[in-house]
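Have a look at the structure below before the remarks.
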Protein chains: 2
Amino acid sequence: MSDAPVTLSQVAREAGVSLATASRAINGSATRSVREDLRARVLETARRLDYSPDPSAQAMARGRTTALGLVVHDIADPYFSTIAAGVARAAEREGLIVTLASTEHSPDRELAFVELARRQRSRAIILAGSRTTPPDAGAGSAPAETAALAEGRSREGRPRALESTLTAFQAAGGGVAVIGQAVGDLPVVEIDNVGGADSLARALHGIGYRRFGVLAGPPRLRTAADRTSGFLDTLAELGCPAPDRDVVHGAFTRDGGYEAMRELVSRSHIGTASGARADAPEVVFAVNDVMAVGAMAAVRDAGLSVPDDVAVAGFDDIHTLRDVTPALTTVRVPLEEVGEIATRMALGVELENVLVHTEVVLRESTRRDPPGRHPTYGMRATS
Amino acid sequence: MSDAPVTLSQVAREAGVSLATASRAINGSATRSVREDLRARVLETARRLDYSPDPSAQAMARGRTTALGLVVHDIADPYFSTIAAGVARAAEREGLIVTLASTEHSPDRELAFVELARRQRSRAIILAGSRTTPPDAGAGSAPAETAALAEGRSREGRPRALESTLTAFQAAGGGVAVIGQAVGDLPVVEIDNVGGADSLARALHGIGYRRFGVLAGPPRLRTAADRTSGFLDTLAELGCPAPDRDVVHGAFTRDGGYEAMRELVSRSHIGTASGARADAPEVVFAVNDVMAVGAMAAVRDAGLSVPDDVAVAGFDDIHTLRDVTPALTTVRVPLEEVGEIATRMALGVELENVLVHTEVVLRESTRRDPPGRHPTYGMRATS
DNA sequence: CTGTTAGCGCCTTCAG
DNA sequence: CTGAAGGCGCTAACAG
């Protein structure tokens, strides 16, 4: 029953042609042309023998694989899995195999995977997931350098190491695309985090909110920082700056949102019947949907209600989180499409950098008017 | 700036040893032993040159890759992405690269990916996602056969084709693990869907529910069918059989849950103030969390409330869906762990088939008592 | 247009 | 214990 895979030379022999001819027949060679009848014969016996080429062998001979590397922070996070779905679809269309790396938020691992992809001569590599700013953006820190050496890693700062590895990969003919925000001059599918947050602030202000809080995520995570600053800047511009007290940082996860909200609730005495402060936030912006869901849980656990005691808004519009109750106001990012675009870009199909626009979606979690029957609430407001 | 990857022979030359010695030094050969000083020298220059082996070349020489194939129905579905996270973690620990295939529910594509993995001599392959029963489990259908041929695919029925391809892969030395339910005699990480559904039925019955409905998913999907029948059988045993009318099928997705619930609501006049039927279901079991969330949205859109008008329960305990409001009663499946186990099993670390137990988690979506303050509600009931 | 011949980078018998 | 040589499956110059 066991059968060693059929090789090209077997096909060639069986078809009565040379190896080269068989190869040319099966995949049109650059300098193509094989007599029609021969080609047909080869193809036929290939099918009959159930032949299919060995990717490793092809990779060796051609000097490049058929693999597309996708590196994400955490594949279990719906943000990334949605992007991955887009990448998988586009990759299949291009006949590429996607190799997945879930770094679990470790920059070291991220770098290692990129190096692996490079070494493996992947056709292209897509980096999803926000960059982080270095802990000390200060002077050429000698201590950090020795630490890096001790770890046996690059002599440069991590971010630069990543960038230069990627650049080297690109120089060697590999395709690259980064998702989120730019890394050096590499091709990027940029997500308009600042613009989306700005629109959200305006939309919320537009429906009457005046006192805002923010669950800002990790301070050094670019995506989180951009969304936060976009929101805060607009708020200031609108004349409703959020006090520092009401901007709390936390992990970019459900639990992070939960904890941050808990902190905010106690800190600002939101809705506490006995001691609600007159200046407590009316609405809280969590910088991603997953955090927002955690935040809503915290509100509920505090015996309060969304949106009556505090409204909550998120960012991303994760499909599967779309209809939590109350339905979450958020900023829609077409994640699956982002994955597809990034793939095409990394493959050189798409040439120019793309800025993906986002769209505010107002739902019940930020409803202002007193609870009641508003079955038609939930229309979109374009940003 | 561009630098062609360093090869082993460069390292060897630089270190002043032969290629063979370098190879043996870097990866302890079977018949090992390299003089200590030489080995050190090789290792040192390898590090200095930033050498790392070319996976394709190794694959060719050794006859097997370092790749682990993971095929799922839809990577954007949290069920699969959670499993994928477990697989990714375990794979990294084993030094394997995971290649991801998202079949978008197409059995053809699934088969194609398995064949690719086999051809590529992947080290192992993990098949996640429920099998479907063939449309016609009847006699050796000639028409189906010609259709298959016309499609250029296997001569056997799809399911059998999959199984035999997998078996062949295994016979050729590849590791295999299937997640969900058994496929032939292949290693399997079986999920106790029937037992979980049974426990859920008992738990709901235990807190007083007597009239049940089921959003059953696609009839031919094994996982859905098992959960449905496990639930229904126990209900019958408990003396509260669910009428056929209250078992509605639909897609295994959020939208499927939404539509199915909408159908059920109108069909059974659940909670319709004017015409609620006395025998309308009090609680509805959606065979997975994603459907359950859709179902809750449908209930809400019908102007009804969960759990007051109808209670809703799901299955899986997707982390990110855990705290929708009201919090979802469900059956917990340790998905990430499942992914890890499957990986170890496919790699031959784990030897015996595993039956993964599930656990009922009662939360607010099936709370019976009148709404009020029950902040401590939500404890687990072990199954 | 087709066949022959080198390798691609690495592992692995075989001698030495 | 180490070095030389062959080959994995396929492609890409070269001849013919």
Side-chain angles (χ1 to χ4, degrees), chain A residues 3-43 46 49-67 116 118-123 172-173, chain B residues 3-43 46 49-67 116 118-123 172-173:
Chain A
D3 42 358
V6 184
T7 72
L8 222 209
S9 53
Q10 292 179 48
V11 173
R13 191 178 334 127
E14 190 85 8
V17 299
S18 77
L19 218 188
T21 303
S23 172
R24 291 191 273 247
I26 287 182
N27 59 69
S29 152
T31 54
R32 64 169 160 295
S33 55
V34 174
R35 217 190 327 146
E36 198 39 58
D37 58 323
L38 278 191
R39 137 184 261 92
R41 181 139 49 101
V42 171
L43 258 31
L49 267 43
D50 195 31
Y51 165 82
S52 90
D54 178 332
S56 297
Q58 292 190 136
M60 282 225 51
R62 300 210 251 246
R64 67 177 187 181
T65 19
T66 176
L116 178 63
R118 178 160 107 82
R119 203 64 199 57
Q120 190 206 28
R121 289 165 168 284
S122 290
R123 183 74 123 285
Chain B
D3 41 358
V6 184
T7 71
L8 223 208
S9 54
Q10 293 180 46
V11 174
R13 189 175 338 125
E14 191 86 6
V17 300
S18 79
L19 217 186
T21 303
S23 172
R24 291 191 272 248
I26 288 183
N27 59 69
S29 155
T31 55
R32 64 168 161 296
S33 55
V34 175
R35 217 190 327 146
E36 197 40 58
D37 57 322
L38 278 192
R39 131 182 267 90
R41 183 139 48 99
V42 171
L43 258 30
L49 266 42
D50 193 30
Y51 166 81
S52 90
D54 177 332
S56 297
Q58 291 189 138
M60 281 222 51
R62 301 210 251 244
R64 67 176 188 180
T65 16
T66 176
L116 178 63
R118 178 161 108 81
R119 203 62 199 59
Q120 191 206 27
R121 288 165 169 286
S122 290
R123 183 72 121 284

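Here the structure is a predicted model, which is why all the values come from computation and not from measurement. Lettering follows sequence order; numbering is per chain, from 1.
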Over how many whole Å does the gap from A:Ile26 atom CD1 to D:dC10 atom P extend? 8 Å
Between A:Arg119 (CZ) and C:dC10 (C1'), how many Å, whole number? 11 Å
Which pairs, protein N/O on one side and nucleotides 5-8 of chain C N/O on the other, fall under 3.5 Å?
from, atom 1, to, atom 2, distance (Å)
C:dC8, O2, A:Met60, O, 3.3
C:dC8, O2, A:Ala61, N, 3.3

Given C:dC10, C:dT4, D:dC10, the nucleotide with the shortest approach to the side chain of A:Ser18: C:dT4
Can you tell me how far CZ of A:Arg62 sits from CZ of A:Arg121, rounded to the nearest 0.5 angstrom? 13.5 Å
B:Arg41 atom CZ is separated from D:dC1 atom P, nearest whole Å, by 16 Å
Taking C-beta and beyond as the side chain, do A:Asp50 and A:Val6 meet within less than 4.5 Å on heavy atoms? no
Could you state the interatomic distance from CZ (B:Arg39) to CG (B:Asp37), rounded to the nearest 0.5 Å? 11.0 Å
How long is the line joining CZ of A:Arg24 and C1' of D:dC14, in whole Å? 11 Å
Just N and O in the side chain of A:Thr21: are any of them under 4.0 Å from OP1 or OP2 of C:dG3? yes
I'd like to know if the side chain of B:Thr66 reaches the main chain of B:Pro55, judged simply by a donor and an acceptor atom lying under 3.5 Å from each other, with no hydrogens or angles considered. no
5'-most by nearest nucleotide on DNA chain D - B:Asp37 or A:Ser9: B:Asp37
Between D:dT2 atom P and B:Arg13 atom CZ, what is the distance in whole Å? 20 Å
For the pair made of CZ in A:Arg64 and P in C:dG9, what is the distance, rounded to whole Å? 16 Å
Roughly how far apart are B:Gln58 CD and A:Met60 CE, rounded to 0.5 Å? 11.0 Å
State the OG1-CZ distance between A:Thr7 and A:Arg13, to the nearest 0.5 angstrom. 7.0 Å
Should B:Gln58 be listed as having a side-chain N or O under 4.0 Å from OP1 or OP2 of C:dC11? yes
